[in-house]
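From a predicted model like this one, the values you see are computed outputs, not experimental measurements.
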Amino acid sequence: MHYAHLINPYTVLKKVGTVADQLQLSAYVVGGFVRDLLLKRPSQDIDIVCLGNGIGLAEAVAEHLEDCSPVTVFKNFGTAMLHWQGWKLEFVGARKESYRRNSRKPRVEAGTLTEDQYRRDFTINAIAIGLHRPQWGELVDVLGSLQDLQQRVLRTPLDPEVTFSDDPLRMMRAIRFATQLQFTIQDDALRAIRKNADRIQIVSQERITDEIHKIMRSPSPGQGWQLLEKTALLPRILPELAALQGKETIRGHSHKDNFYHTLQVVDNVAQVTDNLWLRWAALLHDIAKPLTKRFDPITGFSFHGHEELGGRMVPAIFRRMKLPMKKHMPYVQKLVRLHLRPIVIAQDIVTDAAVRRLIAEAGDALPDLMILCRADITSSNPVRVRQYLQNFDKVESKVQALRSKDYIRNFQPVISGEVIMQAFHLQPGKVVGEIKADIKEAMLAGHIDNEYEEAYAYMLTLGKAKGL
């Protein structure tokens, strides 16, 4: 099967093939680039496998590409990387791997193309396309990967228990790919992830968090968190979120499953913004509900103060998950702490004082806070949803009106009362105030600019009209 027509636009791949022919090497483009090419998804990271010296091929290719970055060599891994016109190319010789129980770093030795394909995490990442003659454009699929792509299934080349035990990060990658691509993880692979969930402890937190970020940036992050729960990874990664699971009914009083509610809120936010940290705020907004849950025989369940306690929990979660403390933690903490405030204001009479406090505390994050509040309405009752959203409209209208009112109140023209008194030899009094108010009104109406000379001339006109 030939796919040369798909990769002809990528001049760099033709150049790699030409250089490989000169060196008498067989070279293939593999991995995510091929997968995304076949799925018609954009990709600028290209993995090249050659039968032979991958580092040597990279260095030779760099010599043939004008304005190419220097080649970066990773001798311990036998790989080399270069950048050219927005593309990142990574080169490696075909290899096979073996693992030790206490490490996800493999022992590597040279191998065939087939062995290289079998060592990869998922079949959809194991398709190769030839770049050398006579295999230019030929798709090499020894694992049935193309069928898996068409059926949108994630499957491992080897026994999934071996795959995930050898490198537990692949469990996170499986869930990330399923979420990003909207694929289904094969049942055997799901069972293997659950069986090997404890192995995630040998993976660095930085690598885990990187995969979580990719899940969170997906169109529907909730799917990824459901899979993390289904595979028993969730309590090992974010136990506070896992603790939200479950409904409870006592004496006819019930509360919703706050875990699934939270995932719906995250997905609601994801529908309207790609702001990663607003999505994190949505994920953590109810994190303290298990710790604040109380039951009253008359009023039922309550979670009083969960927003304040949740805000206090955010820093510890950020530290543990190696999230950026200084840059983004205060923003997420603020949204978690304030996420009920607009709801409370909307339920009561919307007073100027309450709205001013909200504006002051939320600051620049107020628009994002309102997005979170709207996303937090997940009731199945359309009447309640409509009422809540109308209340939020009232709050937002009040915010805009109050900001305009405060702007007018705090606005100070360049012409002061002292200037007016000196110009017309007046004492403090009603006339001075009238002239000052007329100047201010003219500026706010756009009739004059708030510049001294123009405002002074307008002041003289006002004084003349008053007979001064």
Side-chain angles (χ1 to χ4, degrees), residues 3-4 6-38 41-98 104-143 145 157 167 169-170 173 207:
Y3 280 76
L6 289 175
I7 58 176
N8 272 335
Y10 306 120
T11 304
V12 64
L13 295 183
K14 287 189 173 183
K15 183 64 68 176
V16 172
T18 299
V19 174
D21 289 338
Q22 293 172 356
L23 298 177
Q24 297 184 325
L25 293 174
S26 297
Y28 303 84
V29 57
V30 297
F33 180 82
V34 178
R35 176 201 68 226
D36 290 340
L37 186 68
L38 298 175
R41 298 177 74 240
S43 177
Q44 291 184 299
D45 293 352
I46 301 176
D47 291 332
I48 306 294
V49 167
C50 75
L51 304 186
N53 185 352
I55 294 175
L57 177 60
E59 292 172 339
V61 168
E63 292 178 2
H64 286 75
L65 294 176
E66 188 175 348
D67 298 325
C68 180
S69 73
V71 176
T72 303
V73 175
F74 305 94
K75 289 186 177 180
N76 291 342
F77 299 98
T79 64
M81 182 177 66
L82 59 85
H83 294 265
W84 183 73
Q85 294 191 2
W87 298 95
K88 183 178 82 172
L89 287 84
E90 189 162 351
F91 296 77
V92 65
R95 58 192 185 180
K96 54 185 178 180
E97 299 174 343
S98 59
R104 53 176 294 266
K105 295 180 180 179
R107 296 189 184 95
V108 177
E109 55 184 300
T112 65
L113 176 64
T114 298
E115 288 172 330
D116 191 273
Q117 289 174 299
Y118 269 97
R119 76 173 178 83
R120 295 183 177 271
D121 50 5
F122 307 106
T123 58
I124 63 169
N125 295 330
I127 308 172
I129 296 178
L131 299 179
H132 59 284
R133 297 184 183 277
Q135 280 191 285
W136 168 259
E138 181 178 332
L139 187 146
V140 182
D141 178 14
V142 299
L143 298 168
S145 306
D167 185 353
L169 181 63
R170 289 170 172 169
R173 285 170 59 83
R207 299 301 297 271

- Item | Neighbour count >12 (heavy atoms, 6.0 Å) for atom CZ, R41 | yes
- Query: Can you tell me how far OG1 of T72 sits from CD of E90, rounded to the nearest 0.5 angstrom?
  - Reply: 10.0 Å
- Query: When rounded to the nearest 0.5 angstrom, what distance separates CD in E59 from CD in E63?
  - Reply: 8.0 Å
- Item | Short side-chain to backbone donor-acceptor contact, W87 and L82, under 3.5 Å | no
- Gap between atom CD1 of I46 and atom CG of D36 - 0.5 Å precision: 11.5 Å
- Note on the structure: In short, G56 meets L23 closest at the heavy-atom pair O-CD1, 4.4 Å
- Query: Which pair of heavy atoms, one from V49 and one from G93, lies closest together, and at what distance?
  - Reply: CG1-C, 4.5 Å
- Item | Derivation of the side-chain contact (heavy atoms from CB on, under 4.5 Å) call for T18 and H64 | CA-CA 10 Å; T18 299; H64 286 75; over 6 Å; no
- Picking from L113, V16, I127, D116, what satisfies side-chain contact (heavy atoms from CB on, under 4.5 Å) with Y28? L113
- Message: Strictly distance-based, threshold 3.5 Å: is any side-chain N or O of S145 a donor or acceptor partner for the main-chain N or O of T123?
- Response: yes
- State, yes or no, whether a side-chain contact exists between W84 and V61 at a heavy-atom distance under 4.5 Å. no
- Item | Considering all heavy atoms, the nearest C50-L57 contact | CB-CD2, 3.8 Å
- Item | Separation between CG of L143 and CG of N125, rounded to the nearest 0.5 Å | 11.0 Å
- Worked verdict on V34 versus D47 for side-chain contact (heavy atoms from CB on, under 4.5 Å): CA-CA 9 Å; V34 178; D47 291 332; over 6 Å; no
- Indicate yes or no: at least one non-hydrogen side-chain atom of V30 is less than 4.5 angstrom from one of R120. yes
- Query: Taking C-beta and beyond as the side chain, do I129 and F33 meet within less than 4.5 Å on heavy atoms?
  - Reply: no
- Closest contact, heavy atoms only, F122 versus R170: CZ-O, 3.5 Å
- Message: Ignoring hydrogens, what is the shortest heavy-atom contact between L25 and G52? Give both atom names and the distance.
- Response: CD2-CA, 4.3 Å
- Message: How long is the straight-line distance from CD of Q22 back to NE2 of H132, given to the nearest 0.5 Å?
- Response: 14.5 Å
- Item | From CG (L131) to CH2 (W136), nearest 0.5 Å | 5.5 Å
- How would you list, by chain and number, every residue that makes a salt bridge (charged side-chain N to carboxylate O under 4.0 Å, His left out) with D21, sequence neighbours excluded? none
- Message: For V12, is there any backbone N or O sitting under 3.5 Å from a side-chain donor or acceptor partner on Q85?
- Response: no
- Message: Let's go through D167 and R173 carefully: what are the C-alpha distance in whole Å and the side-chain angles of both, what is the deciding distance for side-chain contact (heavy atoms from CB on, under 4.5 Å) to 0.1 Å, and is it a yes or a no?
- Response: CA-CA 10 Å; D167 185 353; R173 285 170 59 83; over 6 Å; no
- Message: Between L38 and L139, is there a side-chain heavy-atom distance shorter than 4.5 Å?
- Response: yes
- Note on the structure: All heavy atoms of V71 vs all of A58, minimum pair found to be CG2-O, 3.9 Å
